[in-house]
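Since the structure comes first, as structure tokens, the remarks are kept for the end.
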Amino acid sequence: MLYHYRGEELVDSRKYAAATQRNREPILKVLLEILPATGTILEIASGTGEHAIYFAQQLNPRKWIPSDINASLRESIIAWAKDYPSDNLHQTLDIDVSQPVWKVETEILSEIPDIVAMVNINMIHISPWSTCLGLMAGAGRILSSGDILYLYGPYKQGNKHTALSNADFDSYLREQNPEWGVRNLEDVVDVANTHNLILEKTYQMPANNLSVVFKHM
């Protein structure tokens, strides 16, 4: 475990997301279906790191690169990785998708030629719309023809919520920050298309979420 001091208190750096235990197996089932058998997967906004350490172990020999903009979450990812080491789990990266060019593109990712997919779980509804724009632009730059972009989370379809629970969740998010909210799937697809990312398939997932799979053309 990775600990640090908060005043005189020794604090465990690991953070927990309750949804991870519920959704990791359904997500893994989809990833096993859509990902190439080898190569490197770049996860954007890895959060606590619980998905990263689980998927790295389950998807070996593929390599898994976690990332997050939040320093405390990067500490959590590192702490989880120390508890559950995997030889295919890469060092945690600091990626701010809202930047026009991610600094890691030239510093680190340029040295990793076999990135075949990007994964983003539960981000674009808990962040400003600009993060979705930045994610799609980054995927368009980093991925090559035939590579995969995988998104997971709740979506509206035809500008309508697919479940009352999603409508309630959307209201809650917008109360926290007016720039947050459950996105309309068609709007996300339109942005993806501008970066040569074409919708391949959607999967119905537990708790009224979707897995959304794009392929780079």
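All figures in this text were calculated on a predicted structure; none of them were measured in a lab.
When the side chain to side chain contact (heavy atoms under 4.5 Å, CB included) test is applied to T162, the partners found at least two apart in sequence or on another chain are Q157, N166.
The aromatic ring centres of F169 and H161 sit 6.0 Å or more apart. For W80 and Y16, the gap between ring centers is short of 6.0 Å.
Between atom OG1 of residue T194 and atom CG of residue L197 there is a gap of 8.0 Å, rounded to the nearest 0.5 Å. The CD1 atom of I95 sits 5.5 Å away from atom CG of L109, with the distance rounded to the nearest 0.5 Å. Annotation: the span from I77 atom CD1 to S67 atom OG amounts to 7.0 Å, rounded to 0.5 Å.
Proximity of Q204 to L210: side-chain heavy atoms (C-beta onward) are separated by under 4.5 Å at one or more points. Within the 4.5 Å cutoff, side-chain heavy atoms of I112 are placed close to those of H90. Side-chain contact between K215 and L199 is absent, with no heavy-atom pair separated by less than 4.5 Å. Looking at heavy atoms from C-beta onward, Y203 lies in side-chain contact with E33 at the 4.5 angstrom threshold. The closest side-chain heavy-atom distance from F214 to L143 is not below 4.5 Å. Between P154 and H125 the shortest side-chain heavy-atom distance falls below 4.5 Å. Under the 4.5 Å side-chain criterion, counting only non-hydrogen atoms from C-beta, L93 is not in contact with K103. Annotation: side chain of T40 is not in contact with side chain of W64 (no heavy-atom distance under 4.5 Å).
Of the charged side-chain nitrogens involved, none lies within less than 4.0 Å of a carboxylate oxygen, so that R24 and E50 do not count as a salt-bridged pair. D83 has a carboxylate O that lies under 4.0 Å from a charged side-chain N of R14, or vice versa, which qualifies the two as a salt bridge.
In plain terms, the two heavy atoms of V30 and S211 that are nearest each other are CG2-OG, 4.1 Å. Residue V119 comes nearest to I41 through the heavy atom pair CG2-CG2, 3.5 Å, listed as atom of the first residue, atom of the second, then distance. I115 and D147 make their closest contact through O-OD2, 3.2 Å (heavy atoms, listed as atom of the first residue, atom of the second, distance). R141 approaches P100 most closely through the heavy-atom pair NH1-O, 3.0 Å. H216 and G140 get closest at one heavy-atom pair: NE2-O, 3.1 Å. P26 approaches N23 most closely through the heavy-atom pair CD-O, 3.2 Å.
I27 and Y155 fall into different hydrophobic clusters, where Ile, Leu, Val, Met, Phe, Trp and Tyr side chains are chained together by heavy-atom contacts under 4.5 Å. With hydrophobic clusters built from ILVMFWY side chains whose heavy atoms lie under 4.5 angstrom apart, M205 does not share a cluster with V212. Hydrophobic clustering keeps I65 apart from V116 (ILVMFWY residues linked when any side-chain heavy atoms are closer than 4.5 Å, directly or through intermediates). M118 and I34 are not part of a single hydrophobic cluster, where members link through side-chain heavy atoms under 4.5 Å apart.
One N or O on the side chain of N120 and one on the backbone of I44 form a donor-acceptor pair closer than 3.5 Å. Judged purely by atom type and a 3.5 angstrom limit, S76 has no side-chain atom pairing as donor or acceptor with the backbone of S72. The backbone N or O of A56 sits less than 3.5 Å from a side-chain atom of N88, completing a donor-acceptor pair. Proximity of a side-chain donor or acceptor of N193 to a complementary backbone N or O of D190 within less than 3.5 Å is not detected. Under a 3.5 Å cut-off, the side chain of T92 and the backbone N or O of P66 do not form any donor-acceptor pair. The backbone N or O of G39 sits nowhere less than 3.5 Å from a side-chain atom of R62 that would complete a donor-acceptor pair. N60 places no side-chain N or O within 3.5 Å of a backbone atom of Q57 that could act as its donor or acceptor partner. Formation of a donor-acceptor pair under 3.5 Å by the E105 side chain with backbone atoms of W102 is found in this model.
A donor-acceptor pair shorter than 3.5 Å can be found between the side chains of N209 and Y152. A donor and an acceptor atom, one from each side chain of D68 and S46, are nowhere located under 3.5 Å apart.
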Compile the donor-acceptor pairs under 3.5 Å between side chains in residues 175-186 and protein atoms, sequence neighbours left out, one pair per line.
from	atom 1	to	atom 2	distance (Å)
Q176	NE2	Y172	O	3.4
N177	OD1	E179	N	2.8
R183	NE	I124	O	3.0
R183	NE	G181	O	3.2
R183	NH2	I124	O	3.4
R183	NH2	S127	O	2.6
R183	NH2	E179	O	2.9
N184	OD1	N159	N	2.7
N184	ND2	N159	OD1	3.4
N184	ND2	E186	OE1	3.3
E186	OE1	G158	N	3.0
E186	OE2	G158	N	3.1

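More than 12 heavy atoms of other residues, nucleotides or ligands sit less than 6.0 Å from atom NZ of K156.
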Problem - Working for side chain to side chain contact (heavy atoms under 4.5 Å, CB included), residues S13 and I78 - result: CA-CA 9 Å; S13 297; I78 293 167; over 6 Å; no
